[in-house]
Structures are given as structure tokens and as C-alpha cells.
Amino acid sequence: MIPQADPARRIARFRSEIDAAIDRVVSGPHYILGPAVEDFEASFAAYVGVEHCIGVASGTDALALALRSLGIGPGDEVITVALTFCGTAQAILHCGAEPRFVDVDPVTRCIDPRSIEAAITPKTAAIIPVHLFGQPADMPRLMEIADRHGLAVVEDCAQAHGASIDGRKVGSYGHASAFSFYPTKNLGCIGDGGAVVTNDSGLAARLSSLRHYGWEGEGRISRALGFNSRLDEIQAAILSVMLSHLDEGNAERRSLAREYHHALEGLGLELPMHDRGAVYHQYAIACEHRDHLCSRLRQVGIGTSVHYSPPLHLHPAFLDCANDVLPNSESLAMRLLSLPIQPELVSDKIPFISQSIANSLF
Ligand SMILES: *Cc1c(COP(=O)(O)O)cnc(C)c1O
């Protein structure tokens, strides 16, 4: 069986470096907010091309703490997409604000800039674009709209570590940007982890305080209602190892995506856009009879996944939000199927997978 994803296979590839990194932390003396976290934060900020990185406990926390540090809360609306992982919208509800879902562009599958302006109300405070499947959203256009309306932008980069637009990395456009290091992500650890990056030093200071009980400096005085949401030393040490292999892994994903594209074009499927800046966290094709294709592929030993169905505006947790009909999101949610693209799983298997897809179509 070729699994759709298997992070243990990637960890195995760098096992000796990872073991050495863990060993250094276990020897002590720092287990929480020590030198491994500081080193990783400095390297990751430099990698994205921003001033500050604040390690936190997960990608969902990174989004929620970024919104809070921007002052977003009850009475505010945050515009985002429904075709995404549920954490994107849960972070908005957790800080007391309300998600306002807009539609995606059918080609990029990311937020459609044209749909944003129609959704802006006097309560709108921020926009969260999601770089879905590692495909960059149209950030230059989005920042222009946000600036014109005085809105904050928090990029959800959980699927797009290293993705770029004309050479500039995603995560460097928004006022703050959130990353997840969940094991299956392009940059993953061996547990939960996340980070916020920003060029705003005031925001960075508020984030450092929020993740750590609302303390500031010495004295353990809580200046604001804080959280315990820290990236831990072991995960940070592992992430520094994995960061040194991120560009190589992304290049492998791009080359696999090119191979899929050449093998699958002409079969009547909707393929991911060709984009030199994309990092192909998923390679998701769209087709009618998606569930039929999924079960035929399972029969020949190929694992696939459905991301994301139903879209969030149809989940019970979000039914009270101001929801519109979202035709592109609803149509894609019924037709998208994510093929395996993790380099450790499919480096020599694209011809077999593509042929199996061709054999399974009506
Ligand atoms: C994974 C993911 C998150 C949440 O990250 P966690 O670390 O699992 O909390 C948020 N948004 C998107 C788009 C994701 O893919």
C-alpha cells in the first residue's frame, strides 16, 4: 500500500541528525523556552525573510494568538475561506470574533480577491488568506485591498512553508503569519508545534507575552490574560534539523508535481496550477465521480485523502456564522482528491499512480 502521507518515513531519512538534536536537549538544563527555541526562531525568521518568529504550541494557536495580539475580539468579523482545515476558523471563534466565509478562485483554490470587497462590513477587522495545498494566494492584490480598507492580514501558512510569489516568501506579506509544524506538514516535528512571524516588534512582544501567561520581562507579573502555548525545546531542536532539509524537500515535491502534470494532462481532470512558487503540500486533482476513483485506487494499493469536505460553512460549529452560498468551495469540496506526493513515498511511483488513475476513469 502507498499511504497518502507517512511522516515517519521522512523522519527515518534524517534519523541520526534528529537523534543527536534530541540528545542535546535531553542532557539539559533547558526544557522550556531555552536555546533550541531561540535558535529555531532566529533561523525560521531569516528563512521567511521577516524580523521576528515566536514559537507556539500549534498552528491553530499561532492563528488565534496572532489575531489576539492584533486586538481582534468580540464584535469583529474576520474574512476567510470555507475550503480549509477547521483550525483556520476555530482560531477566529476562540478570540471571540466571527468568521465570514467567502469563496475561492477555482484555479488557485485560494481566497478569491474579488469576493473580499463584497464581504467587507463596518465590523470587518481582518482577513485570513490560506495558501491551500502550498499554492500561494494572491497576496499583492489582497494587501492592496486590505490597505485600502484598513484591515489586518494574518496569512495561514500552515501548508506553505517556503512557498513564494516572485521570489518573496509567503508569510512575509501579512501583518502577522501563522505556521503549523504538525508532523505531515512540509516542515513538521514529532508532535505539535507552530509559530507566528511578523516584522512588527510591538506585535512580537505581545505574542511573546501571550504565549507565556501574559508575563513581560522579569517578575512573573501577568500584564494581560495569557496562555501556556509554547513550542518546546525538543520540537524546536528537531525543527532546526528539518528546516535545513526543507528547500530540498520542496524541490522534490515540485518535481513530482511536474511529473504528475505531464502524466495526467489530457485525462479531463482539473489539475493543480503550474506555479514555480508553489510547494505542493498536497497534489489535489478535481474530478466528477471522486469517490469512485478513490475506492478504485484503494483497490490497487494507492492511498488518497479528501481535503476538505464538507466546507466549513456547512459544519455545525460554524452554522451560526453569516454564511453565504459558496459555489466554487462547495463544488471543489465534492470533487477534490489529494494524491500521495510525499517524496519518501512516491519518488519512483508517479507512472504507476497516473496509469492507475487513467484506468479508473469512466
Ligand atoms: C494544519 C493546519 C492548521 C492547524 O495547525 P495545527 O498545528 O494542527 O493546529 C491550520 N490551518 C491549515 C490550513 C492547516 O493545514
Side-chain angles (χ1 to χ4, degrees), residues 4-5 7 10 40 44 53-68 78-95 99 101-102 104 108-111 126-137 139 142 153-163 170-171 174 176-197 207 211 227-232 235-236 238-239 242 250 253 272 278-284 305-313 315 317-318 329 332-333 336 338 341-342:
Q4 202 271 332
R10 185 156 183 81
F40 173 71
F44 194 62
C53 169
I54 298 91
V56 298
S58 71
T60 306
D61 277 11
L63 286 163
L65 296 182
L67 291 171
R68 269 180 200 266
V78 178
I79 293 175
T80 192
V81 288
L83 187 69
T84 179
F85 179 69
C86 60
T88 310
Q90 286 179 344
I92 299 169
L93 285 177
H94 275 304
C95 49
F101 297 112
V102 300
V104 295
T108 65
R109 297 140 175 195
C110 294
I111 195 164
I127 308 172
I128 304 184
V130 180
H131 305 296
L132 195 74
F133 304 152
Q135 176 81 46
M139 291 311 298
L142 201 136
V153 173
V154 176
E155 292 177 68
D156 183 339
C157 303
Q159 304 189 359
H161 317 71
V170 304
S177 300
F179 288 85
S180 163
F181 307 123
Y182 183 80
T184 55
K185 310 289 184 182
N186 290 33
L187 176 60
C189 55
I190 308 184
D192 276 310
V196 184
V197 301
L207 281 158
R211 74 168 167 185
F227 298 82
N228 175 348
S229 179
R230 301 169 300 217
L231 182 65
D232 72 66
Q235 302 306 337
I238 294 166
L239 285 166
M242 301 310 277
N250 283 344
R253 284 175 184 265
V279 292
Y280 299 98
H281 173 62
Q282 302 293 356
Y283 191 89
S305 295
V306 170
H307 302 109
Y308 291 95
S309 186
L312 298 185
H313 64 301
H315 287 217
F318 306 109
S329 306
L332 282 167
L336 283 171
S338 299
I341 192 165
Q342 189 186 322

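Order of appearance sets the numbers: ligands from 1, and atoms from 1 within every ligand.
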Next item on the list: Before giving the answer on side chain to side chain contact (heavy atoms under 4.5 Å, CB included), spell out for C86 and L312 the whole-Å C-alpha distance, their side-chain angles and the decisive distance to 0.1 Å.
Entry: CA-CA 7 Å; C86 60; L312 298 185; 3.9 Å; yes

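Of the candidates A62, G134, S180, C157, S180 brings a heavy atom nearest to atom 8 (O) of ligand 1.
Of all protein heavy atoms, the one closest to atom 11 (N) of ligand 1 is D156 OD2, 2.8 Å. In terms of protein heavy-atom proximity, atom 3 (C) of ligand 1 is nearest to F85 CD2, 3.4 Å.
In this structure, K185 has a heavy atom closer than 4.0 Å to ligand 1.
In terms of polar-atom proximity, defined here as any N/O pair under 3.5 Å, T60 does make such a contact with ligand 1. Inclusion of Y182 in the set of residues having an N or O under 3.5 Å from an N or O of ligand 1 is not warranted.
Taking the six-membered ring where tryptophan is involved, the planes of H315 and F318 are tilted, since the angle between them lies from 30° to 60°.
In this structure, CG in L65 is found 10.0 Å from CD1 in I54, a value given to the nearest 0.5 Å. One finds the CG atom of L132 at 5.5 Å from the CG atom of L83 (value rounded to the nearest 0.5 Å).
A side chain to side chain donor-acceptor pair (under 3.5 Å) with N186 holds for exactly one of H161, Q159, H281; it is H281. A side-chain contact (heavy atoms from CB on, under 4.5 Å) with I79 holds for exactly one of V153, I128, I111; it is I111.
Ligand-side atoms of ligand 1 in range of G59: 5 (O), 6 (P), 7 (O), 9 (O), range being under 4.0 angstrom from any heavy atom. Of all atoms in ligand 1, listed by their number and element, those nearer than 4.0 Å to a heavy atom of S58 are 7 (O), 9 (O). The atoms of ligand 1 that sit less than 4.0 Å from any heavy atom of A158 are 2 (C), 3 (C), 10 (C), 11 (N), 12 (C), 14 (C), 15 (O). Of all atoms in ligand 1, numbered sequentially from 1 with element shown, those under 4.0 Å from a heavy atom of V130 are 13 (C). Ligand-side atoms of ligand 1 in range of T84: 13 (C), range being under 4.0 angstrom from any heavy atom.
If you look at Y182 and F85, their ring centroids are not closer than 6.0 Å.
Counting heavy-atom neighbours within 6.0 Å of Y308 OH, excluding the residue itself, gives a total above 12.
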